Novice: 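I'd like to ask you about the structure that follows.
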Amino acid sequence: MAMVPSAFFPIADLSNYTKGWTIRVRVTSKSGLRTFQSKNNEGGKVFSVELLDCEGGEIKASLFNNAVDNFGEMLQVGKCFTFSRGTLKVANRNYSTLSHRYELTFDRDAAVTEANHDSIIDTMKLHICDLRSVQAKILPANVDLCGVVVSFKAPHAFTSKDGKDLVKREIVLADDSCSSMEVTLWSDRAQKEDKEFEGNPVMVIKSVIVKEWGNGRKGSLLETGALLISPSIPEATKVRQWWSQGGSSQTLTALSDGAFVGGKAPVGKSACLSDIRVASEQATFSEEVFSVVCRLAIVQTKKQGEEQPLYYMACMELKDGNKLPCNRRVDSSGFCAVAPRFNLRCKFSDCEDSTWLTTFHEAAKGALSMEAFELKDLEQNREAMEAAIRHSYFQQPWIRAKPDHYNGESRTNVACVDARPVLLREHGRFLLKEISDMIVAS
DNA sequence: CCCCCCCC
């Protein structure tokens, strides 16, 4: 007779108002055992697991002391169990990779029973995020990725600052968003044989923590995450097809090597948008560059109902004696080498003001985290094109450097000349200093 | 009641 799923409580509905629940779940990850000294100086031990049920609900559970003794061995990744008699508390966002508002703790009262393999519970729940959207995430971010291994380094053993022996291996993943990012694998995963990484296999990596490193972004696969090599899931098939049907020869936007930070940006006077507004309204204003921390709020895609061009086709021939392309506007049958270049009107916002700025190619690439050809590729589908742009709204603070110059008349031309992700650590220190200066001043 | 997600 078929099992009645409703006999078990849905994980998604667990809260601290729930009484007398029993859940039936699969263990999808398991941490190592940690020992600790609690506040009243008692020694304790704990490990945690992630649990998935047949409705796709996920929750983190921590098992303490007696529960470790009773169930520590039994709970293994991939196996199914029923759990009851645990305590619910609001999840600590700092330590949970799952979206559930609550998490479970189990101690001496816990009831855990091994269940038969339950095929209606998935073995893993993935929330795969393409690499281009990783560029726009608030950091640190926890993501699941599906990409082609485009390169890998040898495993490297070293001792960490606090004396731990570690082995890491860096790989570079790329996906059909034409982006790539370096990801660090650790210990056993790092020490898989080289041949596992050869021949551009598709890998799914679950629970990658993404952080700012240097000028770019880098991932690190957490202990409780997962590494799947050439899995048969639709996302893997899609990425594999992209790679074999031209992706392998495409230019990739690297998140890890400062691709968005390349080139010489003018470093402007630190300002906010209202400072720029004031400066640009002054008649005596001479050319000046400002740097502002702000967000991209909107791109003007329509004007009085009319769709606006977002890029133009430019000549890419190199000028004589110059390494720069001439960038002359050409028609679509242009006889020189042509490439799309952005020309956008963007509204940028900070905490107190917002302003529309003409945003040319280099700056627009930074503001949108995308290449002009990626937008042009969608030219048959205006809605998809605009959706791709909307994706970047408010996603990431940008430093905007801006020169002001004249166009012969007294009218001041204000433009965005460069946009790049804010280095959060540096910016955080800057803000802290501002606060402490204010305290001193008061 | 734990809790770092390691490194350049």
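This structure is a prediction, so every number in the text was calculated from the model and none was measured. In the text below, chain A, chain B and the rest are named by the order of the sequence lines, each starting its count at 1. All values below were derived from every heavy atom in this structure, side-chain atoms included, with hydrogens, water molecules and symmetry-related copies excluded.
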Novice: Quick one: does NZ or CZ of A:K192 land under 6.0 Å from the six-membered ring centre of A:F197, within 45 degrees of the ring axis?
Specialist: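 Not satisfied by the 6.0 Å and 45° rule.
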
Novice: I need the CH2-C1' distance between A:W186 and B:dC4, as an integer number of Å.
Specialist: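 Going from A:W186 (CH2) to B:dC4 (C1'), I get 12 Å.
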
Novice: Grab the CD-C1' distance between A:E223 and B:dC3 for me, whole Å please.
Specialist: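 Distance check: A:E223 CD to B:dC3 C1' gives 12 Å.
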
Novice: Measuring from the side chain of A:K60 (C-beta onward, heavy atoms only), which nucleotide among B:dC3, B:dC2, B:dC5 has the closest atom?
Specialist: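 The answer is B:dC3, which lies nearest to the side chain.
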
Novice: By nearest nucleotide on DNA chain B, pick out whichever of A:T224 and A:E182 is the more 5' one.
Specialist: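 Its nearest nucleotide being more 5', the pick is A:T224.
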
Novice: Can you check the A:L185 CG to B:dC7 P distance for me, whole Å?
Specialist: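 Result: 16 Å.
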
Novice: Examine B:dC7: is either OP1 or OP2 under 4.0 Å from a nitrogen or oxygen in the side chain of A:T159? Give yes or no.
Specialist: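 No, A:T159 has no side-chain N/O under 4.0 Å of OP1/OP2 on B:dC7.
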
Novice: Salt bridge between A:K238 and A:D175, side-chain N to carboxylate O under 4.0 Å?
Specialist: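 Salt bridge absent between A:K238 and A:D175.
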
Novice: Base, sugar-phosphate or nothing for A:E103? Non-hydrogen atoms, less than 4.0 Å.
Specialist: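 Since a base atom lies under 4.0 Å of A:E103, the category is base.
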
Novice: For the pair made of CZ in A:R34 and P in B:dC3, what is the distance, rounded to whole Å?
Specialist: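 It works out to 6 Å between those atoms.
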
Novice: Would you kindly give the CG-to-C1' distance between A:L221 and B:dC4, to the nearest whole Å?
Specialist: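 One finds 15 Å between C1' of B:dC4 and CG of A:L221, rounded.
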
Novice: Separation of A:Q191 atom CD from B:dC7 atom C1', in whole Å?
Specialist: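 The answer, rounded to whole Å, is 15 Å.
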
Novice: With heavy atoms under 4.0 Å as the rule, sort A:K218 into base, sugar-phosphate or nothing.
Specialist: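 Base contact.
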
Novice: Please report the shortest heavy-atom distance between A:L227 and A:I205, naming the atom on each side.
Specialist: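 Closest approach of A:L227 to A:I205, heavy atoms only: CD1-CG2, 3.2 Å.
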
Novice: Tell me whether the OP1 or OP2 atom of B:dC4 has a side-chain N or O from A:K164 closer than 4.0 Å.
Specialist: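 So the side chain of A:K164 is outside the cut-off, no N or O lying under 4.0 Å from OP1 or OP2 of B:dC4.
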
Novice: Assess whether a salt bridge exists between A:E196 and A:R189, defined as any Lys/Arg side-chain N lying under 4.0 Å from an Asp/Glu carboxylate O.
Specialist: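 A:R189 and A:E196: not salt-bridged.
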
Novice: Below the 4.0 Å mark, does B:dC5 have OP1 or OP2 next to a side-chain nitrogen or oxygen of A:Y95?
Specialist: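 For A:Y95, the contact criterion (side-chain N or O under 4.0 Å from OP1 or OP2 of B:dC5) is not met.
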
Novice: Applying a 4.0 Å non-hydrogen cut-off, can you work out what A:K211 is touching in the nucleic acid: base, sugar-phosphate, or nothing?
Specialist: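 A:K211: backbone/sugar contact only, no base atoms under 4.0 Å.
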
Novice: Can you check whether any acceptor in the base of B:dC2 is under 3.5 Å from a donor in the side chain of A:S62, or vice versa?
Specialist: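 A donor-acceptor contact between them is present.
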
Novice: Do A:N92 side-chain and B:dC2 base share a donor-acceptor contact under 3.5 Å?
Specialist: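 No pair found.
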
Novice: Looking at B:dC7, B:dC2, B:dC6, which one has an atom nearest to any side-chain atom of A:F64?
Specialist: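 The answer is B:dC2, which lies nearest to the side chain.
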
Novice: For A:D165 and B:dC4, give me the distance from atom CG to atom P, rounded to whole Å.
Specialist: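 Nearest whole value for this atom pair: 21 Å.
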
Novice: For A:E170 and B:dC8, what is the distance between atoms CD and C1' respectively, to the nearest whole Å?
Specialist: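 Rounded to whole Å, this separation is 7 Å.
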
Novice: Tell me whether A:R101 at atom CZ has more than 12 heavy atoms from other residues, nucleotides or ligands lying less than 6.0 Å away.
Specialist: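 12 or below, so no.
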
